[in-house]
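We number each residue from 1, following the sequence as shown.
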Amino acid sequence: MIAGYFVVLMIIAYFTSRKATSESFFIANRNAPWYMVAFAMIGTSLSGVTFISIPGMVSGQGWSYMAVVLGYTVGYLVIGTVLMPLYYRLRLVSIYTYLEQRFGFWSYKTGAFFFLISRAVGAAFRVFLVAGVLQFAVFDQLGVPFAVTVTVSIFLIYLYTFRGGLKTILWTDTFQTMAMLICVAVSIYLMAQELNLGFAGLVKTVKESSMSQIYFSDPKDDKFFWKQFASGAFITIVMTGLDQDLMQKNLSCRNLQDAQKNMFWFTIAIVLVNVFFLSLGVLLYQFAAAKGIALPTNPATGAVIGDNVFPLLATNHFSLFAGVIFILGIIAVTYASADSALTALTTSFCVDMLNIGQYKEKKQKNLRQLTHLGFSVVLIVIILIFRAINDQSVITAVFKAAGYTYGPLLGLYSFGIFTSRGLHDKLVLPLCLLAPLLTWFINANSEAWWDYKFGFEILILNGLITFLGLWAISRPRNLELNPVA
């Protein structure tokens, strides 16, 4: 089944990568239908982290993540009305080119650098999660080492993306998003059957469960609704609107109006899909309780290890059919995220670091393919390092990392869009390296100082520190010298 799945991806890649050029690799010739982009973005934005961690976290966090999801809608509104018009007006291939036009060379390279670090680490986290599940479910029994599982996984992604790039990914991610949604729907349906629940009973079970709680009571709690809501809005702005990966798909639409339609329908879809994932989480725990299944716990705390719940139940306690559907679903959602990330990393490095547009098409192709291969190796190395040191929920690790590495991007773009001041350009990189360190120091001591525990809103603090630092190294400038502002 897994082999057949990848054969389908290779067939799609073969037909979509013929006569591929740098323009089709980077932005799909700016000719992608908006509805395809909207659907493909579902799989790209979710990843295996959502697939595994969101259902697993409802035991300890309830539906607090729903506040983050609702915050997404505000973030997507800002992207559609503020950032997209700017990107389309400048006809950007890499969104970080804006920083060069607005501030200068070092600001531009700083923005691209933080994206490359952020996306490489984030993509590695996501593939790590799925590789671990596949290792547990399939390859341990075959005696295949984890390093081989990871290497083969990344190599397969490389094979079907290295020629066609974004033009291929829009088609493969459409297929993979459909596979992922079918998996979630089948999992919910089969568990409802096992629990003897019709549709009305299913809705009632989820609604009345104590695991469906959203927290409004204590503002100091990291699960507090409005903290999570604000965090969701800012996470979306930086991890979609200021991220080459997601925006590269949006920039492939024919025009701004199509891109905005894509963002509107994608917003509705992503909220509904996350409701399904949270509902799936409640049903997983209900299923385990009804069947008397002992769930894996942390020996130190006794808490359920949420990331292991769905894989354990699907591969050991569901039917064979449901287990196979689970494996295909998690492969689909992770590859939809990882293939897009690999292409975005290649695009940003080629455009922002190598200035690939100065070369003829033949040399562009060689540089592009070498870069694509290089980032494939980088992802493998990061995954193996992460396996050696990770000791926390993967989704928490992803957003914690994003809070530190995306914060400078949030500060840079906010300063560029909402002020008219120039910067001492050479000071931007040191400042953007200092801001995450200050953020980490404050976060490490916040409970002792103020009895306050930061959650995902650490991103907002990081962006604010960066913004204030940029103001400190800024100077007034003549707006007429640079119409981008």
Side-chain angles (χ1 to χ4, degrees), residues 13 16-32 37 44 87-88 90-102 104-124 127 154-155 157-170 172-173 240-253 337-382 405-406 409 412 429:
T16 57
S17 62
R18 290 183 296 181
K19 299 181 180 179
T21 64
S22 291
E23 187 178 22
S24 59
F25 186 96
F26 295 144
I27 50 175
N29 302 112
R30 297 189 191 274
N31 198 35
V37 176
T44 303
Y87 297 155
Y88 268 86
L90 299 176
R91 290 188 63 80
L92 302 182
V93 173
S94 166
I95 63 173
Y96 308 112
T97 311
Y98 162 75
L99 296 174
E100 182 177 39
Q101 298 182 40
R102 177 64 175 84
F105 175 85
W106 286 106
S107 299
Y108 170 39
K109 300 302 180 183
T110 298
F113 168 77
F114 273 95
F115 163 73
L116 291 171
I117 296 296
S118 303
R119 183 48 70 184
V121 172
V127 178
I154 298 297
F155 180 67
I157 294 174
Y158 169 80
L159 279 182
Y160 74 80
T161 58
F162 82 100
R163 290 180 61 192
L166 186 62
K167 185 178 178 182
T168 294
I169 283 171
L170 287 173
T172 56
D173 283 6
T240 300
L242 306 183
D243 186 287
Q244 178 67 24
D245 188 355
L246 272 299
M247 292 313 296
Q248 191 166 348
K249 283 186 170 66
N250 285 283
L251 293 174
S252 70
C253 291
S337 175
D339 60 17
S340 181
L342 184 58
T343 300
L345 289 166
T346 301
T347 299
S348 178
F349 192 84
C350 287
V351 174
D352 301 324
M353 301 301 181
L354 301 181
N355 192 19
I356 197 172
Q358 65 182 308
Y359 303 112
K360 293 183 178 180
E361 177 60 34
K362 184 177 180 180
K363 187 169 184 179
Q364 286 189 32
K365 179 180 178 181
N366 292 335
L367 286 173
R368 192 179 73 228
Q369 293 185 352
L370 282 173
T371 301
H372 208 60
L373 180 60
F375 273 111
S376 299
V377 175
V378 167
L379 290 181
I380 292 170
V381 172
I382 296 174
T405 57
Y406 279 95
L409 284 172
L412 275 168
L429 178 58

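By the 4.5 Å heavy-atom criterion applied to side chains, K109 and E100 are not counted as neighbours. Within the 4.5 Å cutoff, the side chain of L354 has heavy atoms near those of the T371 side chain. Put simply, the side chain of Y359 does not reach to within 4.5 Å of the side chain of N366, judged on heavy atoms. Looking at T97 and D352, their side chains come closer than 4.5 Å, going by heavy atoms from C-beta outward. Residues F114 and I117 form no side-chain contact, since every pair of their non-hydrogen atoms from C-beta on lies 4.5 Å or further apart. Residues T21 and E361 form a side-chain contact, since some pair of their non-hydrogen atoms from C-beta on lies under 4.5 Å apart. Considering only heavy atoms from C-beta on, K249 comes within 4.5 Å of S340 through its side chain. With a 4.5 Å cut-off on side-chain heavy atoms, T347 and F25 count as touching.
In this structure, I154 and S376 approach most closely via the heavy-atom pair CG2-O, 3.4 Å. Looking at every heavy atom in both residues, H372 comes nearest to L342 through CE1-CG, 3.5 Å. Considering all non-hydrogen atoms of both residues, V93 and F26 come closest at CG1-CB, 3.9 Å. The shortest heavy-atom contact between A338 and V127 is CB-CG2, 3.5 Å. Contact detail for S107 and L99: the closest heavy-atom pair is O-CD1, 3.6 Å. When all heavy atoms of G241 and I95 are compared, the pair lying nearest together is O-CD1, 3.8 Å.
Judged by distance alone, the side chains of R368 and T346 never bring a donor and an acceptor atom under 3.5 Å apart. Side-chain contact check for T161 and D339: no donor-acceptor pair (N or O, by modelled atom type) lies under 3.5 Å. Using a 3.5 Å distance cut-off with no hydrogens or angles, the side chains of Q244 and S348 do not pair a donor with an acceptor.
For the atom pair CD of Q369 and CZ of R163, the computed distance is 8.0 Å after rounding to the nearest 0.5 Å. Residue L345 holds its CG atom at 7.5 Å from CG of D245, rounded to the nearest 0.5 Å. In this structure, CD on Q248 lies 12.0 Å from CG on L92, to the nearest 0.5 angstrom. Rounding to the nearest 0.5 Å gives a distance of 9.0 Å between CG of L367 and OG of S22. F113 contributes atom CZ, which lies 11.5 Å from atom CH2 of W106 (distance to the nearest 0.5 angstrom). Between atom NZ of residue K167 and atom OG1 of residue T16 there is a gap of 7.0 Å, rounded to the nearest 0.5 Å.
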*Give the intermediate values and the outcome of side-chain contact (heavy atoms from CB on, under 4.5 Å) for residues S252 and L170.*
CA-CA 10 Å; S252 70; L170 287 173; 3.9 Å; yes
*Take Y406 and L409, measure what side-chain contact (heavy atoms from CB on, under 4.5 Å) needs, and give me the verdict at the end.*
CA-CA 5 Å; Y406 279 95; L409 284 172; 3.9 Å; yes
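The backbone N or O of V351 lies less than 3.5 Å from no partner atom in the side chain of N355, so there is not a single donor-acceptor pair.
Ion pairing of D243 with R119 is present here, as a side-chain N (NZ or NE/NH1/NH2) and a carboxylate O approach within less than 4.0 Å.
Checked against Y96 for a ring-ring contact (aromatic ring centres under 6.0 Å, His included), the options Y108, F115, Y87 give a single hit: F115.
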